[in-house]
Amino acid sequence: MPFVSQVCVGRREEVSVFGGDYETEDGTGVRDYIHVVDLARGHKDAIEKLEGGKVGCEAVNLGTGKGFSVLDLINGMGEATGKPVPYTVVGRRPGDVASCYCDPTKAEELLGWKAEKGLKDCCDDSWRWQVNNPEGYGEYVEEEKVLKSEN
Ligand SMILES: O=c1ccn([C@@H]2O[C@H](COP(=O)(O)OP(=O)(O)O[C@H]3O[C@H](CO)[C@H](O)[C@H](O)[C@H]3O)[C@@H](O)[C@H]2O)c(=O)[nH]1
């Protein structure tokens with residue numbers, strides 16, 4: 001998502017799509033893209049659950065339970081920006097799996113948590129953030145450097 005957004009804002013020329021020959025619907029890698037607000041809410045719910053009593057140590061997957069391909073993401077960002085996103089399919093990235101998405105059942109049972117936002121929300125909000133912050137967190141990085149050099 002960050003690379004695609006940077007192409008949309010003109011900081012990169014095009015997206016290199018890592019692999020177009022996976023055994024997925026369109027041949028590109030499939031992942032479970034979760035909206036940052038859903039992810040944050042899941043962590044808040046987990047903290048509240050811990051504060052509410054003894055639950056021990058549990059691993060909980062937070063995700064939508066749905067997989068979207070790299071091309072779905074590229075097309076979604078094209079819709080959000082109103083302009084097609086240029087891309088080239090290149091070789092596979094070593095270590096990537098074809099498809100990876102989570103089973104969020106436990107999160108719902110244990111925390112009452114469920115992802116509420118979809119790919120369109122991810123694309124629309126990511127684009128809005130990118131337009132408002134074309135250099136990413138640039139100024140904060142500079143501030144961090146100043147703080148470091150003062151210490
Ligand atoms: O320039 C790039 C960068 C990534 N990808 C592809 O995009 C997908 C996501 O790649 P990332 O490096 O962003 O993320 P991971 O593969 O590490 O996946 C993790 O981050 C994803 C979001 O970026 C999802 O949240 C996913 O569930 C989580 O495991 C992969 O198919 C990858 O091959 C490209 O094609 N080109």
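Values in this document were obtained by computation on a predicted structure and should not be read as measured data. Numbering of ligands and ligand atoms starts at 1, following listing order.
Side chain to side chain, S5 and S126 meet the donor-acceptor criterion of an N or O pair below 3.5 Å.
Between the side chain of D32 and the main chain of T64, a donor-acceptor pair closer than 3.5 Å is present. In terms of modelled atom types and a separation under 3.5 Å, the side chain of R41 and the main chain of K114 share a donor-acceptor contact. Distance alone, capped at 3.5 Å, places no donor-acceptor pair between the D124 side chain and the A80 backbone.
Shortest non-hydrogen contact noted between L111 and A46 is CD2-CA, 3.8 Å.
Protein residues having at least one heavy atom under 4.0 Å from any atom of ligand 1 are F3, S16, V17, F18, G29, R31, D32, Y33, V70, R93, D96, listed by chain and number.
Residues satisfying the salt bridge (Lys or Arg N to Asp or Glu O under 4.0 Å) criterion with E58, sequence neighbours excluded, are K106.
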